[in-house]
Amino acid sequence: MQRRAYASGLAALLAAVSATALAGCSSDSGTDSSGTDAKTGTTAGTIAQPGRYRTLFEPCGSVPLATLQDMLPSVTALPVEQRDRVLRGTAAVTYDTDRRVGCAWKADGPDATHHLSLDFERVVSYDPSVSDETRAQEVYTTKESAAGLAPASPPTTAAPSTGAPAAPLTGASKPAVPAAPLTGVSKPAAPGTAGTALVPGGQQAQTVSPGTPTPTPTASTPPEGLESRTLTDLGDVAFLDDVLTPAGSVTQQRVVSVVFRTSNVIVTVRYAAQPTRVGEVPDSEELQEKARRLADRLAERFDE
């Protein structure tokens, strides 16, 4: 009787120990709520910050009346009803005014036709690891590249000297290879004519004969300093594009575009003029100055 009771107690003790061990194993097999991956032992990556802007303001009402009258000079000669309609602008068709909005104005006059348009685009990244601002920079860079103004690669810095002596040359030294002979046959140029000089490698260096005028910018080319270029004092990044294109068989149109990014919003100001007189070319400086002035005002509005 005593031996049977001892066996029953031992069996109960073994069962209790087995249950405790199984409970411990099952509790360690799951994952905790600390955000640490149970397989890798690393915490999950952080989500990129959203952009500064969540909405866009209405563009047709963002340009002061005085600015519109200055950029659309022929509007002042229009009848009152037509003038008011032109100055109100035409809103761009959009399906989400929090993502993209625009407005356009056009004024026809006896001397020229002027066009003005605004485009506001709020960029949103759908990749949680890429911020809205980073995605907006990618969109901006695409526009800049399309204008032929891709930013130059950052300059490379030379690695600091470690002070170690240069490695000795290995192998037998070889005599220096003589310079490649001039290729082609060089003939003396006739008096008063342009000649070509041969340089090592067979390439020809162009020479200009005396009396040949130096090429000068044509009326279609913006003067020096007014070419298409990047801007350093507008938004986070900005560029200006100046293009002269034919408009019909006898007239030309100049289009000046100022594009800048501020955080996750890209703003485009496009200003164009088309004179009615044959052979007249719109002035780059005037168009650029007015477009820049409006872009500066819009940048200030976004900073408010």
Side-chain angles (χ1 to χ4, degrees), residues 49-72 87-107 114-126 130-151 222 226-243 254-273 284-304:
Q49 292 297 320
R52 173 182 177 184
Y53 303 102
R54 304 295 180 90
T55 59
L56 298 168
F57 56 81
E58 196 277 319
C60 290
S62 63
V63 185
L65 180 61
T67 300
L68 287 174
Q69 292 175 339
D70 181 49
M71 301 184 76
L72 309 170
L87 294 176
R88 280 196 298 269
T90 302
V93 177
T94 180
Y95 299 99
D96 187 351
T97 56
D98 286 337
R99 291 291 304 276
R100 192 162 194 170
V101 292
C103 192
W105 298 261
K106 178 183 177 182
H114 290 82
H115 301 258
L116 172 64
S117 67
L118 301 180
D119 180 78
F120 304 159
E121 180 181 1
R122 186 176 68 90
V123 181
V124 176
S125 172
Y126 293 101
V130 178
S131 68
D132 293 346
E133 187 168 339
T134 299
R135 177 59 184 145
Q137 179 61 31
E138 294 174 355
V139 176
Y140 169 86
T141 301
T142 300
K143 294 177 179 290
E144 190 177 33
S145 299
L149 293 170
L226 296 177
E227 308 94 340
S228 298
R229 60 197 183 276
T230 57
L231 306 173
T232 58
D233 54 351
L234 179 63
D236 296 328
V237 285
F239 70 87
L240 182 148
D241 189 26
D242 189 318
V243 179
R254 186 178 296 281
V255 181
V256 173
S257 301
V258 178
V259 182
F260 69 90
R261 179 183 66 80
T262 172
S263 187
N264 61 316
V265 169
I266 299 174
V267 178
T268 301
V269 177
R270 184 168 286 108
Y271 184 38
S284 281
E285 184 173 6
E286 180 183 3
L287 296 180
Q288 291 188 21
E289 181 181 355
K290 291 181 178 181
R292 278 293 311 270
R293 192 181 304 138
L294 177 56
D296 289 338
R297 182 179 182 87
L298 294 173
E300 292 175 358
R301 175 75 182 273
F302 274 100
D303 285 340
E304 292 177 355

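- Using modelled atom types, one finds no donor on one side chain facing an acceptor on the other under 3.5 Å when comparing E138 with T142.
- Inspection of the T94 and R100 side chains reveals no N or O donor paired with an N or O acceptor under 3.5 Å.
- Residues F57 and S62 approach most closely at CE1-CB, 3.6 Å, considering heavy atoms.
- No more than 12 heavy atoms of other residues, nucleotides or ligands lie within 6.0 Å of CZ in R297, so this atom counts as exposed by the packing criterion.
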Report the C-alpha separation of S257 and V255 in whole Å, then their side-chain angles, then the decisive distance to 0.1 Å, and conclude whether the side-chain contact (heavy atoms from CB on, under 4.5 Å) test is met.
-> CA-CA 6 Å; S257 301; V255 181; 4.1 Å; yes

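- Two rings, from F302 and F120, have their centers less than 6.0 Å apart.
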Apply salt bridge (Lys or Arg N to Asp or Glu O under 4.0 Å) to D70 and K290, showing your working.
-> CA-CA 8 Å; D70 181 49; K290 291 181 178 181; 3.7 Å; yes

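- V259 and I266 make their closest contact through CG1-CG2, 3.9 Å (heavy atoms, listed as atom of the first residue, atom of the second, distance).
- Using a 4.5 Å heavy-atom threshold, the side chains of Q288 and R254 count as separate.
- Distance check: S263 OG to Y53 OH gives 6.0 Å after rounding to the nearest 0.5 Å.
- Within the cation-pi definition used here (under 6.0 Å to the ring centroid, within 45° of the axis), R229 does not qualify as a partner of F239.
- Defined by atom type and a distance below 3.5 Å, a donor-acceptor pair is present between the side-chain atoms of S228 and D241.
- To the nearest 0.5 Å, atoms CD (E289) and CG (L226) are separated by 10.0 Å.
- The minimum heavy-atom distance linking A299 with L234 is given by the pair CB-CD1, 3.8 Å.
- By the 4.0 Å N-to-carboxylate-O rule, R54 lies too far from D132 to be salt-bridged with it.
- Here the side chains of E285 and D242 are not in contact, with every heavy-atom distance at 4.5 Å or above.
- With R261 contributing its side chain and D236 its backbone, the two residues share no donor-acceptor pair below 3.5 Å.
- For CZ of R52, the number of neighbouring non-hydrogen atoms (other residues, nucleotides, ligands) closer than 6.0 Å is greater than 12.
- Annotation: the span from L118 atom CG to L294 atom CG amounts to 5.5 Å, rounded to 0.5 Å.
- Atom-to-atom distance recorded for D296:CG and L231:CG is 9.0 Å, nearest 0.5 angstrom.
- Side-chain N or O atoms of Y271 include none that pairs as donor or acceptor with a backbone N or O of R292 at under 3.5 Å.
- Atoms CD and CG, on Q137 and N264 in that order, are 12.0 Å from each other to the nearest 0.5 Å.
- Nearest heavy atom pair, residue C60 against residue G102, reads SG-O, 4.5 Å.
- Of all heavy-atom pairs spanning A238 and F260, the tightest one is CB-CB, 3.5 Å.
- Rounded to the nearest 0.5 angstrom, S117 OG and R270 CZ are separated by 5.0 Å.
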